[in-house]
Protein chains: 2
Amino acid sequence: MEQVTNIFQNITEQECSQMMRCFQAAEKRYTAGSVISTYSRDSQKIGILREGEANLVRIHSDGRQTILEDLHQGDIFGEALTFENFDIGTMQVVCTKNCRILFFDYACLIRRCQKACTFHSQLVHNSLQIMSRKAVQLSERLEILSQRSIREKLLCYFSILAARNGRETFQLPFSFSSLADYLAVDRSAMMRELKKMKEEGLVDVEKRRIVTVFPRQPF
Amino acid sequence: MEQVTNIFQNITEQECSQMMRCFQAAEKRYTAGSVISTYSRDSQKIGILREGEANLVRIHSDGRQTILEDLHQGDIFGEALTFENFDIGTMQVVCTKNCRILFFDYACLIRRCQKACTFHSQLVHNSLQIMSRKAVQLSERLEILSQRSIREKLLCYFSILAARNGRETFQLPFSFSSLADYLAVDRSAMMRELKKMKEEGLVDVEKRRIVTVFPRQPF
DNA sequence: CGTGTTTTGTTGCAAATGCAACAGTATTAT
DNA sequence: ATAATACTGTTGCATTTGCAACAAAACACG
């Protein structure tokens, strides 16, 4: 089974452009830092991030704002998908890099158009896939953050990476500083703990190459 | 705009039963503790939790298992939705309470059936809604768990509840013990911090009724 | 090549947190 | 009504963690 990363996956270039006409899709460009606000009351648009990066943020009453999701290439977003039963106006999509975004009517996605495009169910399938993968990714990070200690967080994350790589050796996908952010812990405290773990022979770290030495299950 | 909590929302009883015949849907019952494992290779089923509670868990190679999602009434799940591009076999749905689950073919959801039911797009809409709400809920919890201190976690969660309720007073949706679990902190440490916050006049707590006293923005 | 910037590695110290344990209260079941 | 169970509130203590600060190393770039 193939991984769906793009909402247009398994839809040919030709079908795609046909569909875009059919959907009256429009592509827009945004510069880093700008806010996407094309939400009109009568026609709900959904956006597809073709290029760049953006955040879905909530603006709190006290002025603080928190990032609800970070959107990457291929992600879909829109009032119709996330803003429902939230105070619109408290939610925004903010570009963190220059973005290219494709908009089309949400109604087109869930309903077959008049021309009854055959690839329509593929589109729905892809949307569901993208959204469910996101849920799993979020749950994974939640699982890590709900560990109590730095050591447990590291081990939890490492075991996920190891599993993903199919062996007990793997490459860290980012710097130790970012790792600390990802685990939501203090960097120096994390380094200290990592050192201890090395000394105890739990892991082997050289550069960003990690070798986990998990104790065998006794059973 | 109405909140979608049920995949059959805005679909009449009659349409629903018609659709169920059309989909060859089948309802099954599971007792608390049992594992749902009706995933066959050729026909991908999705499940709808009509009653009860269940967890989507991953079984790690070291025997540990972690909860990826907890499923409640109205949630949808299935290999087609979450298990793709994961090692099936490492993922299970485990009932935590007695459950009533409705199964039908995933293909039916994304593709119109032969009889071209008109309420089909409503079904797709509902599915997308349920899944996107889940993503927002998960992000919300992530936002909370990425706070560094117990105090920050409490305040973050409280401000979400307050915003949700539209005022600075609200009711805790669960016990303090569960709250500690939700925030992934030690219960006694949380009680201690809560007491301090009361003493400092930051919050007012009586039973499960919380009144937040956030300092006014200066500007 | 040199220079400015980011990342890594360390440490002392104060504060926050988890753990264990216990008693009192509320809630539920029998 | 009574027993059993779950929840609340509290405390002492050891440990972990965050914070601040600094130096060395690695990297980026003109």
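Chain letters run A, B, ... following the sequence lines, proteins first, then strands; residues in each count from 1.
Using the six-membered ring where Trp is involved, Tyr157(B) and Phe174(B) have ring planes that are parallel, under 30° apart on the 30 and 60° scheme.
Atom CD1 of Ile150(B) and atom P of dA15(C) are 17 Å apart (whole Å). At whole-Å resolution of the value, CG in Leu154(B) and P in dA16(C) are 14 Å apart. Remark: C1' of dT17(C) and CD of Glu152(B) are 14 Å apart, rounded to the nearest angstrom.
Among the protein residues, Lys153(B) comes within range of no part of the nucleic acid, since none of its heavy atoms lies under 4.0 Å from any strand.
Contacts of Gln171(A) classified as side chain to side chain contact (heavy atoms under 4.5 Å, CB included), with partners at least two apart in sequence or in another chain: Arg208(A), Arg209(A). Scanning for side chain to side chain contact (heavy atoms under 4.5 Å, CB included) contacts around Gln73(A) gives Glu51(A), with sequence neighbours left out. In this structure, the ring-ring contact (aromatic ring centres under 6.0 Å, His included) partners of Phe104(A), at least two apart in sequence or on a different chain, are Phe23(A). With sequence neighbours excluded, no residue forms a ring-ring contact (aromatic ring centres under 6.0 Å, His included) with Phe8(A). Asn98(A) is linked by a side chain to side chain contact (heavy atoms under 4.5 Å, CB included) to Thr31(A), Ala32(A), counting only residues two or more places apart in sequence or in another chain. For Glu27(A), the salt bridge (Lys or Arg N to Asp or Glu O under 4.0 Å) partners are Arg100(A), not counting sequence neighbours. Applying the side chain to side chain contact (heavy atoms under 4.5 Å, CB included) criterion to Glu152(B), with sequence neighbours excluded, gives Gln147(B), Arg148(B), Ser149(B).
How far OG of Ser146(B) is from CG of Leu145(A): 6.5 Å, rounded to the nearest 0.5 Å. Expressed to the nearest 0.5 Å, how far CD1 of Ile7(A) lies from CG of Leu109(A) amounts to 6.0 Å. If you take CG on Leu161(B) and CZ on Phe170(B), they are separated by 5.0 Å, rounding to the nearest 0.5 Å.
A donor-acceptor pair is defined here as one N or O able to donate and one able to accept, closer than 3.5 Å; such a pair exists between the side chain of Arg141(A) and the backbone of Tyr182(A).
Nearest-nucleotide positions on DNA chain C place Arg208(A) closer to the 5' end than the other of Arg208(A) and Asp186(B). A residue-by-residue look at Phe174(B) and Arg148(B) shows that Phe174(B) has its nearest nucleotide of DNA chain D further toward the 5' end.
Within residues 175-185 of chain A, the residues approaching DNA chain D are Val185(A), by heavy-atom distance under 4.0 Å. Sorted by residue number, the members of residues 187-200 of chain A with any non-hydrogen atom under 4.0 Å from DNA chain C read Arg187(A), Ser188(A), Met191(A), Arg192(A), Lys195(A).
The end-to-end axis angle of the helix from dC1(C)-dG30(D) to dT30(C)-dA1(D), rounded to 10 degrees and based on five pairs per end, is 70°.
Think of the region where chain B sits on DNA chain D: with heavy atoms and a 4.0 Å cut, that region ends 5' and 3' at dC7(D) to dC13(D).
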Table please: side-chain donor-acceptor pairs of residues 188-206 of chain A below 3.5 Å, with sequence neighbours left out.
residue, atom, partner, partner atom, Å
Ser188(A), OG, Asp186(A), OD2, 2.5
Glu193(A), OE2, Arg151(A), NE, 2.8
Glu193(A), OE2, Arg151(A), NH2, 3.1
Glu200(A), OE1, Arg151(A), NH1, 3.0
Glu200(A), OE2, Arg151(A), NH2, 3.0

